[in-house]
Amino acid sequence: MNIIDELKWRGAVNQQTDEEGLYKLVGEKSISLYCGIDPTGDSMHIGHLIPFMILKRFQLAGHHPVIVIGGGTGSIGDPSGRKTERVLQSQETIQHNAECLTAQMKKLFGEDGFTMVNNYDWLSKISLLEFLRDYGKLFNINTMLAKEVVASRLETGISFTEFSYQILQSIDFKMLYDKYNVQLQIGGADQWGNITNGVELLRKTEDVHDAFGLTIPLMLKADGTKFGKTAGGAVWLDPKKTSPYEFYQFWFNQDDRDVVKYLKYFTFLSHEEIDVLEKEVAEHPEHRSAQRKLAEEVTRFVHGEEGLAQAEKVTQALFSGNIQELSGDEIEGAFRNTKGGEVHEAPINIVEALVQGGVEKSKRQAREDVKNGAIRVNGEQIRDIEADVTAHPNTDGKFIIIRKGKKNYFSIEVK
C-alpha cells in the first residue's frame, strides 16, 4: 500500500502542496523527509508527538526521516499558536533542551535509520547582509502578511523577529534539500504557511519541482476540545514529569468516541486489529478493551517494555489496594495529582491524619469511616481509631497513602 493511502485511512492528512506528485514520488522510491521541533522545553509532550508519529510511519515504510532540532529557530520563536511574543531563552537553556529532545528522539526512532540535525549549524553562519540579499529579497511582504500564522497576530502585534521565522524555516528546507536530498516536509496544520514558503523558496532559487509539503489535521476530541490537555496540565514524554503510570492512565481513560481514532493515529496496529477493537467498542464498551490496547501500545512506544511493565504494576496495585511493594518513585508518580493536605509529623493518630490531610471534613466522619473499615493506610486496613500511622516505608518518610473506599486515593505529605 502507498504510504499516503495508509495515512489517509488513519485520518492523518490535512493539506498537501501537490497531492498527485507526492503520491507518485513515494510510490516509486524511498525518500528523505523531515519534521522539526524547537527546543523551547526539555521534554516533548503528546501534542508534539503528533507529527513525529507520521515521521515514524514513513520510517517503518522504508523512507528516511530527518529530524531537525531548532537550535536556531528556537532562539527566535515561532509565532504560530500564540497571541503574544515568546520569551527568548538563553543559549545555554536552548542547548540543554536540544540535548534532552535529542535523547527522546533516539528512544522513538532508534539508534540508526534516521538523521538528526540542528538548524543552528547553518542559520548561525548566515550574516545579516546575506540573509537580506539572498533570502529576504525573495519573500513578498504582502504574501507573508496573508499567512494565517501572521495575520492572526496583526491585531495584537508581532515583532520583526517572529515575523522573520517563516523565512528561517524556509531556509531549513532548502539546506536539507541540498545536503540530504530531503523532498518532503511534514508538520501540523498551523505550519502550512511555513511549509509552502519553503517549497516556493526551492522553486525560486533552484527551480526545484520535486519538493513537497504535507500537514496533519488539528486533533480534536469528540467534545470539541483540543487533544492533549488535561486538568493536571500537559502529558509529558519525560517519565520524571509524567510517570509511565500517569501516561498509561491518560490513554486508558479516553472516551469511547475517540479511542478508535487514537488507535489509528498513535499505534502501529494493522487495519484488521483496529477493526476488531472498533467492533468491541461498539458491542462491549464496558470492557474498555480498545482503551487498554491503546494505553499498552503508546506506553510501550514511548517508555519501552520496562515502562509499560511499571505502569501495569502500579495500575494493578492501585486496583487491588496492595501498594506495599511499590517503590518510592512509583508512589510519587502514581499519586502526583492526588495530593491531600499536610501533616507536620509522623507517626500521627489516624483520625488526625485524615482530617489534617483533607481526606475527611470532620473527626466524627473520620472515626466512623475508620470503624467501618473504609480506610486503608499504605495498603493496610485500619479499624482502630486510636492507631497511629506513619509514612509509606518506601517514600523516605515523605508520604502517607490513604485509600478511602474502593477508588479514592490521597497522598498526604509529611512535612
Side-chain angles (χ1 to χ4, degrees), residues 230-232 235 242-256 258-259 280-281 284-296 299 308-343 346-395 398-414:
T230 70
V235 179
T242 299
S243 71
Y245 163 76
E246 293 172 295
F247 190 84
Y248 180 97
Q249 288 298 315
F250 169 81
W251 298 102
F252 183 75
N253 289 321
Q254 291 305 316
D255 193 301
D256 290 338
D258 290 321
V259 66
E280 182 71 11
V281 172
H284 298 287
E286 71 279 5
H287 293 170
R288 298 190 72 74
S289 302
Q291 282 88 344
R292 184 172 293 103
K293 190 64 174 176
L294 174 67
E296 290 173 1
T299 304
L308 174 59
Q310 183 189 102
E312 291 177 330
K313 173 188 173 185
V314 175
T315 298
Q316 179 57 35
L318 267 61
F319 179 78
S320 65
N322 299 321
I323 64 170
Q324 295 92 329
E325 301 304 316
L326 294 181
S327 70
D329 286 344
E330 288 168 342
I331 287 171
E332 195 158 353
F335 299 105
R336 201 191 319 266
N337 295 316
T338 62
K339 290 183 179 178
E342 301 172 353
V343 296
I348 182 174
N349 174 263
I350 178 64
V351 174
E352 292 291 339
L354 292 173
V355 175
Q356 289 184 34
V359 180
E360 303 283 15
K361 293 182 178 180
S362 69
K363 291 185 178 181
R364 182 195 62 77
Q365 186 63 54
R367 286 191 289 266
E368 184 177 320
D369 284 343
V370 171
K371 289 177 180 178
N372 289 338
I375 301 297
R376 286 181 175 269
V377 180
N378 303 326
E380 297 287 346
Q381 189 178 59
I382 305 291
R383 286 180 175 270
D384 180 5
I385 62 173
E386 301 299 329
D388 286 340
V389 297
T390 190
H392 189 291
N394 295 340
T395 65
K398 293 179 181 177
F399 300 104
I400 302 170
I401 307 302
I402 306 290
R403 178 174 140 179
K404 179 182 176 181
K406 291 186 176 181
K407 296 182 178 179
N408 298 314
Y409 278 94
F410 299 85
S411 173
I412 299 174
E413 189 171 2
V414 181

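Side-chain atoms are counted along with the backbone in the values below, which use heavy atoms only and exclude waters and symmetry mates. Remember, it's a predicted structure, so these values are computed and weren't measured experimentally.
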Participant: Decide yes or no for R292 and Y248: does some side-chain heavy atom of the first lie under 4.5 Å from some side-chain heavy atom of the second?
Facilitator: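 Result yes, sub-4.5 Å side-chain heavy-atom pair found.
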
Participant: Roughly how far, to the nearest 0.5 Å, is the CG atom of N394 from the CD1 atom of I323?
Facilitator: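 Here the rounded value is 10.0 Å.
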
Participant: Quick one: side-chain contact (heavy atoms from CB on, under 4.5 Å) partners of Q291, sequence neighbours excluded?
Facilitator: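 Applying side-chain contact (heavy atoms from CB on, under 4.5 Å) to Q291 gives F252, D256, V259, R288.
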
Participant: Evaluate the criterion salt bridge (charged side-chain N to carboxylate O under 4.0 Å, His left out) for residue pair E325 and K313; output intermediate values, then yes/no.
Facilitator: CA-CA 10 Å; E325 301 304 316; K313 173 188 173 185; over 6 Å; no

Participant: Tell me the closest heavy-atom pair linking G321 and R403, and the distance in Å.
Facilitator: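 Smallest interatomic distance, heavy atoms only, reads CA-NH1, 2.8 Å.
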
Participant: Can you tell me how far apart CZ (F319) and NZ (K407) are? Round to the nearest 0.5 Å.
Facilitator: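 One finds 8.5 Å between CZ of F319 and NZ of K407.
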
Participant: Checking Q249 against T315: is there a side-chain donor and acceptor pair closer than 3.5 Å?
Facilitator: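 Judged by distance alone, the side chains do pair up.
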
Participant: Is there a side-chain contact between K404 and F410 (heavy atoms, below 4.5 Å)?
Facilitator: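 Contact flag for K404/F410 side chains = yes.
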
Participant: Please check if any side-chain donor atom of Q365 sits under 3.5 Å from a side-chain acceptor atom of S362, or the reverse.
Facilitator: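 Side chains of Q365 and S362: no pair found under 3.5 Å.
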
Participant: Out of curiosity, E380 CD to N322 CG, how far, rounded to the nearest 0.5 Å?
Facilitator: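 That separation rounds to 8.5 Å.
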
Participant: Quick one: CZ on F399 to CD1 on I331, what's the gap to the nearest 0.5 Å?
Facilitator: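 Answer rounded to 0.5 Å: 9.5 Å.
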
Participant: Hey, does the side chain of Q356 reach the backbone of V343 with a donor-acceptor pair shorter than 3.5 angstrom?
Facilitator: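 Side chain of Q356 to backbone of V343, a donor-acceptor pair under 3.5 Å: no, none is there.
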
Participant: Would you name the heavy atoms of S243 and G333 that are closest together and state the gap between them?
Facilitator: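 Closest pair (atom of S243, atom of G333, distance): OG-O, 3.3 Å.
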
Participant: Any donor and acceptor pair, going by atom type alone, linking the side chain of T299 with main-chain N or O of E296 inside 3.5 Å?
Facilitator: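 Such a contact is absent between T299 side chain and E296 backbone.
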
Participant: Report the distance from atom CD1 of I400 to atom OG1 of T390, rounding to the nearest 0.5 Å.
Facilitator: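 Atom-to-atom, I400:CD1 and T390:OG1 are 6.5 Å apart.
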
Participant: Do H392 and K398 make a side-chain contact, defined as non-hydrogen atoms from C-beta onward lying under 4.5 Å apart?
Facilitator: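 H392 does not reach K398 side chain to side chain.
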
Participant: Test salt bridge (charged side-chain N to carboxylate O under 4.0 Å, His left out) on R364 and E368; report intermediate values, then the result.
Facilitator: CA-CA 6 Å; R364 182 195 62 77; E368 184 177 320; 3.2 Å; yes

Participant: Look up atom CG in D369 and atom CD1 in I385, then write down how far apart they are to the nearest 0.5 Å.
Facilitator: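 Taking CG in D369 and CD1 in I385, the distance rounds to 12.0 Å.
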
Participant: Can you confirm whether I402 sits close enough to V389 that some side-chain heavy atom of one is under 4.5 Å from a side-chain heavy atom of the other?
Facilitator: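 Sidechains of V389 and I402: no contact.
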
Participant: State, with a plain yes or no, whether a side-chain heavy atom of V314 is found less than 4.5 Å away from one of L326.
Facilitator: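 They are in contact (side-chain heavy atoms under 4.5 Å apart), so the answer is yes.
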
